Amino acid sequence: MAANPIELNPYASLSDEECRERILAAKQALGERLVILGHHYQRDEVFEHADFSGDSLKLSREAAQSNAEFIVFCGVHFMAEVADILSRPDQVAILPDLSAGCSMADMADLDKVQRAWDELSQVLDPEQNITPVTYINSDANLKAFCGDHGGVVCTSTNARRILEWSFEQRDKVLFFPDQHLGRNTGAKMGIPLEQMVVWDYDQPMGGLSEQQIRDARIILWKGFCSVHQMFKPAQIEKFRAEHPEGKVISHPESSFEVCQASDFVGSTEYIIQTIRESEPGTHWLVGTELNLVNRLHNEMKPEGKTVQFMSPTVCMCSTMFRIDPQHLAWTLENLVEGHVVNRIEVPEATADSARVALDRMLEISR
Ligand code: 13P
Ligand code: SF4
């Protein structure tokens, strides 16, 4: 065993193919001690090494059920945090590149959410009137906030069921950080747009009047995904004009207008299943991250299905893209040598409260 962790620098000069060989060898050496979880937005050269792939909900469940000593998460920071929170204390969650964050998750932090909660208490009693709901794309301490205040976590798969549960608890919801998932889900439940107000965290009182807060059913945090905001209704109109028989499917982090103009809306896993189950010859326009759309395009080609990316410009999730074969090879070879690098460890008190909100979610969406 090397005395110190192996340094990352030399890996930068390895080719993807060299990394591939070394990743496969390290996986073989680690055997059942290791599980690699891969989100659908990962690049192909990383995704191929995942033992389990999925959307955020599916991967949370895999993390909770895994027996492996090392859970290497090829995804972004909040996903590895969830793996740490839901796994046993003797298991280790690892993110191959610590700079793989989520720009949407960064749009809400505990100070801002606590300030919103305090300001809302000038108008009503949040503990009695508001269920806080955090999208899983958020820091562990926001999940902890929800756990401590009778709230819950949701993913793009279970958002509707989670909101239904939340309204059974209290008559309003504070939804963060993604306004679009909140609005799209609320609209599907029949909540009028004017009852879903946006909380601008840079403004006193969220930029809302007392009346707007009293009348609101959902208070939406002013957060968004930089990838999904690139999709526009005009791109759908153009596609429909060129392919009148074509189908449009979008992720619910896309805008309300895009989701309204789509034939189907759902999580990454839902998008994959829906396209796989479609008739041969179907032409699809897809509003989600480019790596997934390209993979679907290649997979569906032999079946005569066409899968087209919604935006004319390249927009991939730059933080998901940080996980590359070089970082994965470095991570795994360190594990083989007995060194844990890039461990994600949520402080115990935060993890305990966050687990309350995550367990609620898993129970509600069973
Ligand atoms: P899914 O849970 O649908 O995979 O979405 C995760 C995500 O970050 C989408 O941007
Ligand atoms: Fe975050 Fe958007 Fe990337 Fe998903 S696609 S991880 S929401 S930045």
Side-chain angles (χ1 to χ4, degrees), residues 39 41 55-60 63-64 73 75-86 93 95 98-117 126 130-159 162-163 165-166 173-186 198-202 206 218-229 251-253 267-268 317 319-320 344-347 349-362 364-365:
H39 187 265
Y41 292 165
D55 61 11
S56 306
L57 182 64
K58 196 172 161 195
L59 292 176
S60 310
F73 218 121
V76 288
H77 191 266
F78 72 82
M79 296 179 175
E81 278 190 337
V82 170
D84 179 53
I85 295 165
L86 293 179
L95 183 65
L98 294 179
S99 66
C102 163
S103 55
M104 174 210 283
D106 293 342
M107 290 175 190
D109 63 34
L110 187 56
D111 283 351
K112 288 183 177 137
V113 169
Q114 185 63 58
R115 199 175 70 221
W117 200 248
I130 305 178
T131 307
V133 179
T134 189
Y135 188 23
I136 196 163
N137 298 37
S138 58
D139 272 0
N141 56 12
L142 292 185
K143 296 179 177 82
F145 178 91
C146 290
D148 290 343
H149 293 277
V152 63
V153 178
C154 80
T155 73
S156 56
T157 298
N158 59 24
I162 295 294
L163 281 193
W165 176 89
S166 302
V173 161
L174 173 63
F175 191 95
F176 42 87
D178 185 23
Q179 59 173 301
H180 298 296
L181 178 64
R183 186 180 295 109
N184 288 323
T185 311
V198 176
W199 182 272
D200 181 346
Y201 48 83
D202 287 327
I218 308 184
I219 300 166
L220 300 164
W221 198 259
K222 201 183 173 184
F224 60 88
C225 166
S226 48
V227 176
H228 290 84
Q229 69 155 355
H251 194 279
E253 288 172 16
S267 76
T268 54
C317 177
T319 48
M320 286 273 183
I344 301 296
E345 212 171 0
V346 178
T350 305
D352 287 347
S353 294
R355 197 175 301 110
V356 171
L358 280 162
D359 283 347
R360 263 183 206 136
M361 172 188 83
L362 293 173
I364 296 163
S365 57

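Given the structure is predicted, the values throughout are model-derived calculations rather than measurements.
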F73 vs L59, test: side chain to side chain contact (heavy atoms under 4.5 Å, CB included). Steps then yes/no. CA-CA 9 Å; F73 218 121; L59 292 176; 3.7 Å; yes
Let's go through T268 and H39 carefully: what are the C-alpha distance in whole Å and the side-chain angles of both, what is the deciding distance for side chain to side chain contact (heavy atoms under 4.5 Å, CB included) to 0.1 Å, and is it a yes or a no? CA-CA 9 Å; T268 54; H39 187 265; 4.0 Å; yes
Would V82 and V153 count as a side chain to side chain contact (heavy atoms under 4.5 Å, CB included) here? Give the steps. CA-CA 11 Å; V82 170; V153 178; over 6 Å; no
Could you walk me through whether F176 and C146 satisfy the side chain to side chain contact (heavy atoms under 4.5 Å, CB included) test, starting with their C-alpha distance in whole Å, then the side-chain angles of each, then the deciding distance to 0.1 Å, before giving a yes or no? CA-CA 10 Å; F176 42 87; C146 290; 3.7 Å; yes
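Counting heavy atoms from C-beta outward, C154 and F175 have side chains that approach closer than 4.5 Å. Under the 4.5 Å side-chain criterion, counting only non-hydrogen atoms from C-beta, L362 is in contact with L57. A 4.5 Å side-chain heavy-atom check between H149 and P126 finds every atom pair outside the cut-off. Side-chain contact between D202 and K222 is absent, with no heavy-atom pair separated by less than 4.5 Å.
Taking each heavy atom of I218 and G186 in turn, the nearest pair found is CD1-CA, 4.0 Å. Annotation for S60 and I136: closest pair OG-CD1, 3.5 Å, computed over non-hydrogen atoms. When all heavy atoms of D84 and I344 are compared, the pair lying nearest together is CG-O, 3.3 Å. Annotation for S99 and T319: closest pair O-CG2, 4.3 Å, computed over non-hydrogen atoms. The two atoms that bring V346 and A140 nearest to each other are CG1-CB, 3.8 Å, heavy atoms only. Residue V227 comes nearest to C317 through the heavy atom pair CG2-CA, 3.7 Å, listed as atom of the first residue, atom of the second, then distance.
Side-chain N or O atoms of R115 include one that pairs as donor or acceptor with a backbone N or O of Y201 at under 3.5 Å. Without hydrogens or angle criteria, E253 side chain to C225 main chain gives no donor-acceptor distance under 3.5 Å. Judged by distance alone, with hydrogens and angles left aside, the side-chain atoms of K143 form no donor-acceptor pair with the main-chain N or O of T134 at under 3.5 Å.
Note that the CG atom of L95 and the NE2 atom of H77 stand 6.5 Å from one another [nearest 0.5 Å]. For the atom pair CD1 of I162 and CZ of R360, the computed distance is 10.5 Å after rounding to the nearest 0.5 Å. Residue L181 holds its CG atom at 8.0 Å from OG1 of T155, rounded to the nearest 0.5 Å. The CG atom of D359 lies 10.5 Å from the CD1 atom of I364; values are rounded to the nearest 0.5 Å. Taken from CG in D139 to OG1 in T350, the straight-line distance is 10.0 Å, to the nearest 0.5 Å. To the nearest 0.5 Å, atom CD of residue Q179 and atom CG of residue N184 are 9.5 Å apart.
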Side chains of residues 101-110: which donor-acceptor partners sit under 3.5 Å, not counting sequence neighbours?
unit_1, atom_1, unit_2, atom_2, d
S103, OG, S226, OG, 3.2
D109, OD1, D111, N, 3.2
D109, OD1, K112, N, 2.9

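Between W117 and F145, the ring-plane angle classifies as perpendicular under the 30° and 60° cut-offs.
Legend: residues meeting side-chain hydrogen bond (donor to acceptor under 3.5 Å, both in side chains) with S267, ordered by chain and number and at least two apart, are D55, T157.
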